[in-house]
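Quantities reported herein were computed from a predicted structural model and do not represent experimental measurements. Throughout, residue positions are numbered sequentially from 1 according to the sequence presented.
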Amino acid sequence: MHDDQDEAPVRDVPLAEEDGRSLSSEIYAMMGLKNAKSTEPGPHAALCEGKDPERYYMVRHAWAVHGVPFEDLQQAMEQLKKKMPEKSWKIIKYGQDSSPAKTLELIADSTEKKFSVAVHLLDERKKARESRIAVSLVSTCYEVPAGKTVTER
């Protein structure tokens with residue numbers, strides 16, 4: 001998360017995971033890819049580095065879309081750049097990343113839900129593999145409500 005907040009908001013794990021699922025669905029819809037396939041599994045609680053793993057967690061959701069022509073994936077990235085600000089996302093970066101492949105990268109923060117996302121357009125055409133858009137959604141660190149632990153549902 002690109003914020004200066006040191007205090008973790010209190011949130012039940014299933015509710016935060018549902019926020020991750022909802023935001024991922026919103027991102028997928030903004031791409032406008034009608035016939036694409038997406039990967040599983042869904043969002044899950046993960047460790048917050050340097051914090052008590054019984055009380056603090058973050059939600060991670062890594063997924064990808066594939067199964068459509070590369071040009072459709074390029075258009076989906078443009079759609080995200082255009083539509084995300086309309087859905088309360090702040091675009092932090094849009095352009096080539098620092099990898100040798102100079103992959104197109106979009107990084108954005110949800111101003112309402114305390115999530116960040118990194119989206120990469122992976123061009124695999126020269127390797128005779130299927131190109132895809134890889135999405136990595138991650139929340140801020142949360143604290144479980146008093147009397148609960150991260151593993152309790």
Side-chain angles (χ1 to χ4, degrees), residues 1-53 55-124 130-145 150:
M1 249 340 272
H2 297 277
D3 63 18
D4 298 321
Q5 182 175 339
D6 287 338
E7 191 174 313
V10 175
R11 189 126 171 93
D12 276 316
V13 174
L15 294 175
E17 288 174 338
E18 183 52 41
D19 283 347
R21 187 176 339 285
S22 174
L23 288 171
S24 285
S25 293
E26 181 179 89
I27 290 166
Y28 181 81
M30 283 187 277
M31 288 181 190
L33 294 169
K34 303 289 184 216
N35 298 314
K37 300 172 191 164
S38 63
T39 59
E40 298 290 333
H44 65 278
L47 295 174
C48 277
E49 194 167 324
K51 295 198 178 264
D52 179 354
R55 294 186 51 219
Y56 296 92
Y57 69 97
M58 63 178 22
V59 173
R60 292 188 177 278
H61 189 195
W63 53 279
V65 293
H66 58 96
V68 296
F70 183 76
E71 294 73 22
D72 291 358
L73 297 174
Q74 288 177 304
Q75 182 63 34
M77 292 293 288
E78 284 295 321
Q79 288 297 313
L80 286 176
K81 180 183 172 192
K82 176 184 170 189
K83 293 181 177 182
M84 288 183 91
E86 298 168 5
K87 300 283 187 178
S88 300
W89 287 89
K90 179 181 177 188
I91 305 288
I92 305 300
K93 179 184 177 192
Y94 186 83
Q96 294 180 337
D97 68 9
S98 59
S99 73
K102 303 292 185 210
T103 300
L104 180 59
E105 171 182 59
L106 181 151
I107 297 175
D109 289 341
S110 170
T111 55
E112 291 179 358
K113 296 285 187 171
K114 303 287 186 197
F115 275 76
S116 291
V117 68
V119 184
H120 292 90
L121 174 59
L122 303 172
D123 184 354
E124 300 286 356
E130 192 172 47
S131 295
R132 65 195 178 282
I133 293 176
V135 179
S136 180
L137 183 73
V138 62
S139 75
T140 190
C141 283
Y142 291 109
E143 182 177 5
V144 293
V150 172

Quick check: closest heavy atoms across [X] and [Y], and the distance to 0.1 Å?
{"X": "Glu26", "Y": "Lys87", "result": "OE1-CB, 3.9 Å"}
{"X": "Val150", "Y": "Val13", "result": "O-CG2, 3.7 Å"}
{"X": "His120", "Y": "Ala118", "result": "CE1-CB, 4.0 Å"}
{"X": "Ala36", "Y": "Tyr28", "result": "O-OH, 3.3 Å"}
{"X": "Phe115", "Y": "Ala16", "result": "CZ-O, 3.7 Å"}
{"X": "Tyr57", "Y": "Glu143", "result": "CE2-C, 4.4 Å"}

- Query: Stepwise, does the side chain to side chain contact (heavy atoms under 4.5 Å, CB included) test hold for His61 with Leu23?
  - Reply: CA-CA 10 Å; His61 189 195; Leu23 288 171; over 6 Å; no
From [X] atom [atom1] to [Y] atom [atom2], the distance as rounded to the nearest 0.5 Å:
{"X": "His66", "Y": "Asp72", "atom1": "NE2", "atom2": "CG", "value": "14.0 Å"}
{"X": "Met58", "Y": "Thr140", "atom1": "CE", "atom2": "OG1", "value": "7.0 Å"}
{"X": "Ile27", "Y": "Ser22", "atom1": "CD1", "atom2": "OG", "value": "9.5 Å"}
{"X": "Asp123", "Y": "Arg132", "atom1": "CG", "atom2": "CZ", "value": "10.5 Å"}
{"X": "Leu33", "Y": "Leu73", "atom1": "CG", "atom2": "CG", "value": "6.0 Å"}
{"X": "Leu121", "Y": "Thr103", "atom1": "CG", "atom2": "OG1", "value": "7.5 Å"}

- Check whether any side-chain N or O of Glu17 sits under 3.5 Å from a backbone N or O of Val59 as a donor-acceptor pair, and report yes or no. no
- Query: Are any side-chain N or O atoms of Glu130 and backbone N or O atoms of Gly67, one a donor and one an acceptor, separated by less than 3.5 Å?
  - Reply: yes
- Partners meeting side-chain contact (heavy atoms from CB on, under 4.5 Å) with Lys102 (sequence neighbours left out): Gln96
Check salt bridge (charged side-chain N to carboxylate O under 4.0 Å, His left out) between [X] and all other residues, then give those that pass, not counting sequence neighbours.
{"X": "Asp12", "value": "Lys148"}
{"X": "Asp19", "value": "Arg11, Lys113"}
{"X": "Lys37", "value": "none"}
{"X": "Glu71", "value": "Arg125"}

- Message: Whether Arg21 and Glu18 form a salt bridge (side-chain N of Lys/Arg under 4.0 Å from carboxylate O of Asp/Glu) is what I want to check.
- Response: yes
- Please identify each residue that fulfils side-chain hydrogen bond (donor to acceptor under 3.5 Å, both in side chains) with Ser131, with sequence neighbours left out. none
- Heavy-atom check, side chain of Val135 versus side chain of Met31, under 4.5 Å: yes
